[in-house]
Protein chains: 2
Amino acid sequence: MNVEDGGRAGLRERKKQETRIALSWAAVQLVVERGLENVRVEDIAAAAGVAPRTFNNYFSSKAEAIAARHLDRARLIAAELRRRPPSEPLWEALRHAVAARMALGVPPPTGAPDQQWVDGVRLMMSEPSLMGEFIKAEATAEAELAAAVADRTGIDLTRDLYPTLVAGAVGVAVRTAMQHWLRADPPVPFMPLVEYALDQLARGLPLP
Amino acid sequence: MNVEDGGRAGLRERKKQETRIALSWAAVQLVVERGLENVRVEDIAAAAGVAPRTFNNYFSSKAEAIAARHLDRARLIAAELRRRPPSEPLWEALRHAVAARMALGVPPPTGAPDQQWVDGVRLMMSEPSLMGEFIKAEATAEAELAAAVADRTGIDLTRDLYPTLVAGAVGVAVRTAMQHWLRADPPVPFMPLVEYALDQLARGLPLP
DNA sequence: CGCAAAGATGCGTGACGCGCAAATTTGCTT
DNA sequence: AAGCAAATTTGCGCGTCACGCATCTTTGCG
């Protein structure tokens with residue numbers, strides 16, 4: 001049983017993940033190029049090298065396939081939060097967790113977010129039918145983040161709104177920053193926007 | 001030209017709204033009773049007294065029809081905020097606006113939210129395919145609220161994140177409160193939950 | 001080496017979303 | 001009051017889609 005390469009699962013599980021990512025990636029690629037209406041599920045399956053029917057074994061719609069990559073990324077915030085030292089103040093840990101999640105889209109040297117990601121996000125913000133899945137993905141990620149916050153603070157999720165509120169606030173900060181960043185005509189750096197948004201929320205949104 | 005009856009539009013516009021609401025209401029009714037999978041668009045149209053094809057003149061999916069009532073309600077927050085006196089502090093005005101929106105579900109005498117609304121919200125929170133539309137509706141309402149906040153504060157939506165953050169925070173507060181309220185086993189009153197959530201967010205989410 | 005489980009594939013079906021054009025209704029003019 | 005133009009509803013048809021079911025292939029383990 002191989003436990004090398006950092007991953008935990010066997011070949012079976014790995015191949016599944018590869019197929020999943022291949023499908024999702026192909027979906028984004030094709031739809032960015034041709035537009036949502038001009039890409040059939042069949043095309044995506046073909047681009048990923050699987051049978052059309054297999055597509056629905058992984059995703060139940062085109063939109064879900066496209067949002068999958070976003071979801072994977074958004075999940076990282078919760079995962080990263082759990083990795084931060086427990087002694088660290090909550091909001092500082094959150095800041096780091098968010099930063100870690102964003103860093104994925106930013107190749108170290110250049111500082112410019114990778115085009116793939118930007119295109120994907122732009123796509124999901126423009127097509128209304130994708131927006132639903134996009135936001136649903138973030139809601140899922142927020143639920144996980146709320147659980148992580150609950151664990152870290154020792155507050156029962158079902159007893160107090162606090163963890164959910166914090167997770168929601170982080171979500172709003174990220175979404176809002178992203179939205180403004182995408183539409184900023186003279187492009188502005190992204191991280192400062194998120195930092196600013198998180199800061200405002202952590203301070204209680206006083207009038208600027 | 002009649003300007004009576006408070007409404008502004010002619011008979012034509014009014015009938016359209018009636019049909020729209022009839023369709024949306026029928027959709028919620030039927031799906032609550034039979035489950036999403038056991039209701040066809042045809043059934044909804046029949047229940048509303050129109051041809052099946054007409055359904056798609058108003059909504060482009062079952063989910064959208066169901067979320068429509070929720071959307072109409074969520075819009076009220078922005079509308080109500082604009083009605084509040086400009087001298088009122090922002091957060092106080094927001095509190096009132098939210099309260100006004102919630103009051104719709106609570107018949108004055110009893111204080112118990114009407115079943116129709118509760119069923120609808122429960123439905124949208126349970127069926128994943130409805131959740132998308134549900135959240136999308138809230139996103140739309142949040143955009144309107146952000147615009148209202150921008151107008152009230154004189155802050156340009158495109159220049160500063162503030163209005164969007166505030167709108168987002170209100171959305172999170174409402175959603176979170178609603179979610180906890182729905183799953184509270186010994187039922188708890190709703191308004192205090194929202195008040196608490198809004199308060200926490202306005203204070204900057206200090207650890208309770 | 002071989003078997004049981006998991007996944008991939010092919011096929012068939014019911015429903016959906018929507019474009020198009022004809023029929024009907026509404027609102028305003030003369 | 002009559003009638004016309006615009007808006008709306010309706011019927012029809014097409015291309016996709018989501019998914020259940022049965023079958024074939026691959027994987028992992030004894």
Side-chain angles (χ1 to χ4, degrees), chain A residues 1-5 7-24 26-27 30-31 34-68 127-133 136, chain B residues 1-5 7-24 26-27 30-31 34-68 127-133 136:
Chain A
M1 204 187 297
N2 294 328
V3 194
E4 57 205 0
D5 74 78
R8 62 203 48 151
L11 183 152
R12 202 162 203 149
E13 208 60 30
R14 173 155 45 261
K15 278 205 96 172
K16 262 179 78 169
Q17 284 312 313
E18 280 173 16
T19 303
R20 182 185 177 79
I21 292 179
L23 280 169
S24 177
L30 291 176
V31 173
R34 309 186 203 163
L36 186 61
E37 301 308 315
N38 304 319
V39 176
R40 286 166 308 185
V41 168
E42 181 191 343
D43 301 329
I44 301 172
V50 297
R53 179 62 182 85
T54 300
F55 176 89
N56 285 86
N57 289 348
Y58 286 89
F59 306 106
S60 56
S61 73
K62 265 187 290 184
E64 190 179 316
I66 292 170
E127 289 276 357
S129 87
L130 294 181
M131 181 100 73
E133 285 297 326
K136 193 153 70 173
Chain B
M1 202 185 300
N2 294 328
V3 194
E4 58 204 359
D5 75 78
R8 60 202 48 149
L11 183 150
R12 202 162 204 150
E13 208 62 30
R14 173 156 45 262
K15 279 204 94 172
K16 263 179 76 169
Q17 284 312 311
E18 280 172 15
T19 303
R20 181 186 177 79
I21 291 179
L23 280 169
S24 177
L30 292 175
V31 173
R34 308 188 206 165
L36 186 61
E37 301 307 317
N38 304 320
V39 176
R40 287 166 307 185
V41 168
E42 180 191 346
D43 302 327
I44 299 172
V50 297
R53 180 63 181 84
T54 301
F55 176 89
N56 283 316
N57 289 348
Y58 287 87
F59 306 106
S60 56
S61 72
K62 266 186 290 183
E64 190 178 317
I66 292 171
E127 289 275 356
S129 88
L130 294 180
M131 180 96 77
E133 285 297 326
K136 192 153 70 175

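We name chains A, B, ... by the order of the sequence lines, and we start the count at 1 in each one.
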Phosphate OP1/OP2 of C:dG7 contacted by A:Lys16 side-chain N/O (<4.0 Å): yes
Toward the 5' end of DNA chain D, by each residue's nearest nucleotide, A:Arg40 or A:Phe59: A:Arg40
B:Leu36 CG to D:dA18 P, straight-line distance once rounded to whole Å: 14 Å
Gap separating the OG atom of A:Ser61 from the CZ atom of A:Phe55, nearest 0.5 angstrom: 6.5 Å
Side-chain touch A:Asp43/A:Arg34, heavy atoms, less than 4.5 angstrom: yes
Side-chain heavy atoms of B:Val50 within contact of B:Asn57, under 4.5 Å: no
Separation of B:Glu64 CD from A:Ser129 OG (nearest 0.5 Å): 11.5 Å
For B:Leu36 against B:Lys62, the heavy-atom pair lying closest together: O-NZ, 3.3 Å
D:dT8 OP1/OP2 closer than 4.0 Å to side-chain N/O of B:Lys15: no
Rounded interatomic separation in angstrom, taking CD from A:Glu37 and C1' from C:dC18: 10 Å
Identify each atom pair where a protein N or O and an N or O of nucleotides 9-11 of chain C are less than 3.5 Å apart, giving names and distance.
{"unit_1": "C:dT9", "atom_1": "OP2", "unit_2": "A:Ala51", "atom_2": "N", "d": "3.0"}
{"unit_1": "C:dT9", "atom_1": "OP2", "unit_2": "A:Thr54", "atom_2": "OG1", "d": "2.2"}
{"unit_1": "C:dG10", "atom_1": "O6", "unit_2": "A:Arg53", "atom_2": "NE", "d": "3.2"}

Spacing between A:Asp43 atom CG and D:dG15 atom P, to the nearest angstrom: 16 Å
Protein-nucleotide distance (B:Glu18, atom CD; D:dT8, atom P), rounded to Å: 15 Å
For atom CZ of A:Phe55 and atom C1' of D:dT16, their distance in whole Å: 12 Å
Verdict with supporting geometry, A:Ile66 and A:Glu133, side chain to side chain contact (heavy atoms under 4.5 Å, CB included): CA-CA 8 Å; A:Ile66 292 170; A:Glu133 285 297 326; over 6 Å; no
Side-chain heavy-atom pair A:Lys16, A:Tyr58 within 4.5 angstrom cut-off: yes
Contact nearer the 5' end of DNA chain C, comparing B:Asn56 with A:Thr19: A:Thr19
Rounded interatomic separation in angstrom, taking CD from B:Glu13 and P from C:dT26: 14 Å
Length of the line joining A:Asn38:CG and D:dG15:P, which is rounded to integer Å: 15 Å
Atom-to-atom span, NZ of A:Lys62 to C1' of C:dC16 - whole angstrom: 13 Å
Nearest-nucleotide pick for B:Tyr58, side chain only, options being D:dT9, C:dA8, C:dC16: D:dT9
